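A short worksheet on the structure shown next.
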Amino acid sequence: MTPAALRWPLLSLTAGALTTLAFAPFDLRWLVFLTLATAFYIWDKSTVRQAAINAGLFGLGLQCSGVSWIYYSLHVHGSAPAIFAILLVFLLCLYLSIYTALSAYMVNRFLPDAPVLRLLLFYPASWVVFEWLQGYVMTGFAWMQLGYTQIDAPLSGFAPLAGNHAVAGVVAITAGALVVGIKYRNLLAVKRLLMIAVFIIALWVFAGILKHIDWTENAGEPIKVSLVQGNIAQKDKWKPQLKKPTMELYRDLTLAQHEADLIVWPETSVPDYLHRAAPYIQQLEREMVLRDADLILGIFIRDDDKGLLNSVVSARGGVYHKRHLVPLGEYIPLRFLIEFFNRFVKIPMSDIASGDEDQPLLTAAGLPLGISICFEDAFARDVIADLPEAELLVNVSNDAWFEDSHEPHQHHAIARMRALESGRYMVRSTNTGITSLIGPHGEVVKQLPQFETAVLSGEVRPLAGATPYVRWGDWLIVGLCSMLLLGSAYHKKIGNKD
């Protein structure tokens, strides 16, 4: 292949890799418009096959740079040989890049060759549909979605209206408009270019207005919450000699909170099984009763029928079992691969059962809670399944698996998006950070530094009602985009017959 022939593939790969800088913790959110515009520019001038290849390379660059932190859990904490860990991460990213490749392929192969419509509507709609599919197929891997780059920008105003995918769609429309302005400015009438510019500006202004709407309403007086960040290194978490000091640390930090109505510990904060830790939890329960407070904590439960469950329990009664498990971390896709996988990777508690889809809401401090454990908050459908009944969102997590990588920051931005979409406060208790109180507009009310043993205390208000997104879910934006694509494909087919 000649150097000239390599130009677009290399540019596609580079643009995809640079897109990660638009996400937390780098937060160069303006960059996503340039990198996606670069991708659209390349796809628009490519054949069907070239567009699919270049789009796949864009996706590969995005995923490899964006989720490289999986390496830590496999190699550092799973004891996998470095080359095997790198290979697994690459294969996952290669799989995820298929969705990006398909988004370009479908447009260039089946939709009308109308450059302006392609850039302003077809590519954005296809991106939304395949980004959504990536979060569904084989339980889904809903990470590195473009809407998360805009959590602090005006475009996030579309999140409570139509969800994170809608935000991604408007990002894509804006990127497409940049390409139209650069590539076709000499071919389009000035009036038409002005109409496109007005349309884009109107989208942004509308988003800014939406951002200031309160979609939910007060459901009671504020409650005082305390979130315990134990800061237990993952390499120490399951050492038998450190079990007692860990449990004493959490107990002492909790008993020092005299005014809290609700105290939250992170995911699997108790390094033991529930049946063995029962006396310890019963002691805490007695303390909570005396204080008229509630404590919820993360712990493993061994069920005779289901097996091992990653759970949140209330010291005063109530339990929630994690429903959406982490592939490679909590379960191995394709069960026959477990024996092969376990030869190379030794991740503690890596074969977990999922909880029932329909579980009663856990109630604490008098409030029905929408609980998500770690990876679950990356799936908006899981979070809004508890709404509008839940008056407060709770996420417990343990991102110590990923050390000081960009994963905890990406995860925190995802949690903020869930709060914004649902119009609820979210309290987020994590082992090593980022522990925070998040407001109903996705704003960070309070936050602890990472890798510090501390307690974050503050007030949150129970909220009732439902945002439009809670009522419609992803079906509105995905349905509209699908109808646009299918209708345009049908129109092309009919036109070809004529």
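Side chains are part of it too, since the values below use all heavy atoms of this structure and drop only hydrogens, waters and symmetry mates. As the structure is a prediction and not an experimental result, all values here were calculated from the model.
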*Do any N or O atoms from the side chain of S126 and from the backbone of F122 form a donor-acceptor pair under 3.5 angstrom?*
no

*Partners meeting ring pair (Phe, Tyr, Trp, His ring centres under 6.0 Å) with F40 (sequence neighbours left out)*: W43, Y123

*Evaluate the side-chain proximity of F58 to I42: yes if any heavy-atom separation is below 4.5 Å, no if none is.*
no

*Not counting sequence neighbours, which residues clear ring pair (Phe, Tyr, Trp, His ring centres under 6.0 Å) with W143? List them please.*
W69, H411

*Measure the shortest side-chain to side-chain distance between V225 and V264 over non-hydrogen atoms and say whether it is less than 4.5 angstrom.*
no

*Closest non-hydrogen atom pair, S422 against L387*: CB-CD1, 3.2 Å

*asked:* Show, in sequence, the C-alpha distance, side-chain angles and deciding distance for L102 and L133, and conclude whether the side-chain contact (heavy atoms from CB on, under 4.5 Å) test is met.
replied: CA-CA 11 Å; L102 287 174; L133 279 173; over 6 Å; no

_Using modelled atom types and a 3.5 Å cut-off, is there a donor and acceptor pairing between side-chain atoms of D261 and backbone atoms of K224?_
yes

*Sub-4.5 Å side-chain heavy-atom contact between F379 and V383*: no

*With sequence neighbours excluded, tell me which residues meet side chain to side chain contact (heavy atoms under 4.5 Å, CB included) with C64.*
L60, F90, C93

*Would you say the side-chain atoms of E267 pair up with the backbone N or O of N398, donor to acceptor, closer than 3.5 Å?*
yes

*How would you list all residue pairs meeting side chain to side chain donor-acceptor pair (under 3.5 Å) that involve residues 168-182, not counting sequence neighbours?*
T174-W204

*Using only heavy-atom distances, determine whether the side chains of E131 and H165 contain a donor-acceptor pair under 3.5 Å.*
yes

*asked:* Once rounded to the nearest 0.5 Å, what's the spacing between atom CD of Q134 and atom CD of Q145?
replied: 7.0 Å

_As an exercise, state the distance from CD1 of I232 to OG1 of T453, rounded to the nearest 0.5 Å._
6.5 Å

*Report yes or no: does Q450 contribute a side-chain atom to a donor-acceptor pair with the main-chain N or O of P408 at less than 3.5 Å?*
no

*Determine, stepwise, if the pair N164 / Y148 fulfils side-chain contact (heavy atoms from CB on, under 4.5 Å).*
CA-CA 7 Å; N164 180 54; Y148 297 132; 3.5 Å; yes

*Going by heavy atoms in the side chains, are R416 and V444 under 4.5 Å from each other?*
yes

*Taking only residues two or more places apart in sequence or in another chain, which ones pass salt bridge (Lys or Arg N to Asp or Glu O under 4.0 Å) with K446?*
none

*asked:* Quick check for you: to the nearest 0.5 Å, what is the distance between I70 atom CD1 and E407 atom CD?
replied: 9.0 Å

*Say you draw a straight line from CG of L36 to CH2 of W127; how long is it, rounded to the nearest 0.5 Å?*
5.5 Å

*asked:* If we check salt bridge (charged side-chain N to carboxylate O under 4.0 Å, His left out) with R323, which of these qualifies: D358, D386, D382, D377?
replied: D386

*asked:* Quick check: closest heavy atoms across K211 and I151, and the distance to 0.1 Å?
replied: NZ-O, 3.6 Å

Show every donor-acceptor pair shorter than 3.5 Å between a side-chain atom in residues 14-27 and any protein atom, with sequence neighbours excluded, or say none if there are none.
{"residue": "T14", "atom": "OG1", "partner": "L10", "partner atom": "O", "Å": "2.8"}
{"residue": "T19", "atom": "OG1", "partner": "A15", "partner atom": "O", "Å": "2.7"}
{"residue": "T19", "atom": "OG1", "partner": "T35", "partner atom": "OG1", "Å": "2.9"}
{"residue": "T20", "atom": "OG1", "partner": "L62", "partner atom": "O", "Å": "3.4"}
{"residue": "T20", "atom": "OG1", "partner": "S65", "partner atom": "OG", "Å": "2.6"}
{"residue": "T20", "atom": "OG1", "partner": "G66", "partner atom": "N", "Å": "3.3"}

*asked:* Between N431 (side chain only) and N231 (backbone N and O only), is there a donor and an acceptor less than 3.5 Å apart?
replied: yes

*Measure the spacing between CG of L227 and CG of L437 and express it to the nearest 0.5 Å.*
5.5 Å

*Does the T216 side chain pair with the main chain of G423, one donor and one acceptor, at a distance under 3.5 Å?*
yes

*side-chain contact (heavy atoms from CB on, under 4.5 Å) between R118 and L111: does it pass, once the steps are laid out?*
CA-CA 8 Å; R118 177 183 281 181; L111 271 60; over 6 Å; no

_Non-neighbouring partners of F158 that pass ring pair (Phe, Tyr, Trp, His ring centres under 6.0 Å), sequence neighbours left out_ = F206

*Check whether any side-chain heavy atom of I434 lies under 4.5 Å from a side-chain heavy atom of H409, and answer yes or no.*
yes

*asked:* Please check this pair: side chain of T432 against backbone of F451, looking for a donor-acceptor N/O pair closer than 3.5 Å.
replied: no

_For P440 versus L463, what's the shortest heavy-atom pair and its separation?_
CB-CD1, 3.8 Å

*Measure from the side-chain N and O atoms of R424 to the backbone N and O of R418, and report whether any donor-acceptor pair falls under 3.5 Å.*
no

*For residues L325 and F375, determine if any side-chain heavy atom of one lies less than 4.5 Å from a side-chain heavy atom of the other.*
no

*Decide whether S226 and S457 meet the rule of one side-chain donor and one side-chain acceptor closer than 3.5 Å.*
yes

*Listed by chain and number, what are the ring pair (Phe, Tyr, Trp, His ring centres under 6.0 Å) partners of Y136, not counting sequence neighbours?*
W132

*Which value, rounded to the nearest 0.5 Å, describes the distance between I200 atom CD1 and L120 atom CG?*
6.0 Å

*For the side chain of Q229 and the backbone of L456, is there at least one donor-acceptor N/O pair under 3.5 Å apart?*
no

*All salt bridge (Lys or Arg N to Asp or Glu O under 4.0 Å) counterparts of R428, not counting sequence neighbours*: D399

*Work out which heavy atom in N108 is nearest to a heavy atom in T47; give both atom names and the distance.*
ND2-O, 4.0 Å

*asked:* If the condition is salt bridge (Lys or Arg N to Asp or Glu O under 4.0 Å), which residues does R461 pass it with, not counting sequence neighbours?
replied: none

_Closest approach of L146 to A168 (non-hydrogen atoms, all atoms of both residues)_ = CB-CB, 4.0 Å

_D152 backbone acceptor or donor facing S156 side chain under 3.5 Å_ = no

*What are the two closest non-hydrogen atoms of L476 and A162, and how far apart are they?*
CD2-CB, 4.5 Å

_Within residues 169-194 or reaching into it, pairs that qualify as salt bridge (Lys or Arg N to Asp or Glu O under 4.0 Å) - sequence neighbours excluded_ = D44-K183

*D404: what forms a salt bridge (Lys or Arg N to Asp or Glu O under 4.0 Å) with it, not counting sequence neighbours?*
none

*asked:* I want to check something: taking the side chain as every heavy atom from C-beta on, are L253 and W265 in contact at a cut-off of under 4.5 Å?
replied: no

*Flag the pair Q50 / I53 as yes when at least one side-chain heavy-atom distance between them is below 4.5 Å, and no otherwise.*
no

*Please test I373 against V312 for side-chain contact (heavy atoms from CB on, under 4.5 Å), starting from the C-alpha separation and ending with a verdict.*
CA-CA 8 Å; I373 300 177; V312 166; 3.8 Å; yes

